[in-house]
**Student:** 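Before I ask anything, here is the structure I am working with.
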Amino acid sequence: MEPLPPPLLFYAAPPHGHVICSEKWRNSPLVQSLKGVQIIFENELRVADFLLPNKTSVLYVSECDIIAGSSYKRKLVRYRNAGSSFQEVVLVEKTRLSEQYFPAVQRFVVFDLGLSLLPVGGQTDASQLIAQMVHGEGRENPFRRRSSCRLLDRLVPALVQQIPGVGKVKALVLLRHFSSVQQLCNASPAELESIVGQASAQQIHSFFHKQIAGT
DNA sequence: CGATCACGTTC
DNA sequence: GAACGTGATCG
């Protein structure tokens, strides 16, 4: 019996110069040495570790993950199957300790899963890499592929526009304030009101929270 | 009140 | 999918 896959989350890319980061990284060396990058912590970021403004998502596989056995494979499979609109990149710690396992990890990530892999020496190494990708945003992203990545870029705003009272303009404004539909769903009426005004705020809140008749 | 937006209709 | 009209909403 496989556990249920994580919910499919529709994330929007973070603003320029920002990184969305899963909460568990808050006190890590990687985040602390991220220079010149604004960090948005998100506690529901289950599948990826980082989201970058160039629509890249990053999963970090540590030395410990690799040495501990094959359980890192499950994490990688879930990552790929999450079906996000982001270009998935896997950072793998290649250290003195994990070196001997690296070829096997590489084979699994690249050949079996078809993901991009970047070896890093450690968290400081990785933070430089992430800072470069955030800062050098203007340049082309070498990991960019599959045009189908663009599919959700149109789908997410279209989805938000299904909310009564929300059209093209407000959908885009909302997605600038909330990095995911999930965050939008959990927003308080007061928070919504400051963004789209009272009328739409109520419609949005009841869209997500109204009860089905009889339950 | 004037600008902006949602939303339906039209071609 | 562009262009319009209309009514609601916002500051």
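Here is how names work: the chains are called A, B, and so on, in the same order as the sequence lines, proteins then strands, and each is numbered from 1.
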**Student:** Verify the ring-centre separation between A/F41 and A/W25: is it less than 6.0 angstrom?
**Tutor:**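 Centroid distance A/W25-A/F41: not below 6.0 Å, so no.
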
**Student:** Please list residues of residues 162-172 of chain A whose heavy atoms come under 4.0 Å from any atom in DNA chain B, ordered by number; otherwise none.
**Tutor:**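 Heavy-atom cutoff 4.0 Å gives A/P164, A/G165, A/V166, A/G167, A/K168, A/V169, A/K170.
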
**Student:** Using atom CD of A/Q198 as one end and atom P of C/dC10 as the other, report the distance to the nearest whole Å.
**Tutor:**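 It is 6 Å, rounded to the nearest whole Å.
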
**Student:** Do side-chain atoms of A/Q87 reach the backbone of A/T56 as a donor and acceptor pair under 3.5 angstrom?
**Tutor:**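 Looks like no, no N/O pair under 3.5 Å.
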
**Student:** For the pair A/E99 and A/R96, find out whether any cationic side-chain nitrogen is under 4.0 Å from an anionic carboxylate oxygen.
**Tutor:**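 Judged by the 4.0 Å cut-off on N to carboxylate O distance, A/E99 and A/R96 do not form a salt bridge.
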
**Student:** Given A/D65 and A/K75, is the salt bridge (charged side-chain N to carboxylate O under 4.0 Å, His left out) satisfied, shown in steps?
**Tutor:** CA-CA 10 Å; A/D65 290 334; A/K75 188 167 80 167; 3.1 Å; yes

**Student:** Drop me the distance from A/S200's OG to A/I195's CD1, to the nearest 0.5 angstrom.
**Tutor:**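 Atom-to-atom, A/S200:OG and A/I195:CD1 are 11.5 Å apart.
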
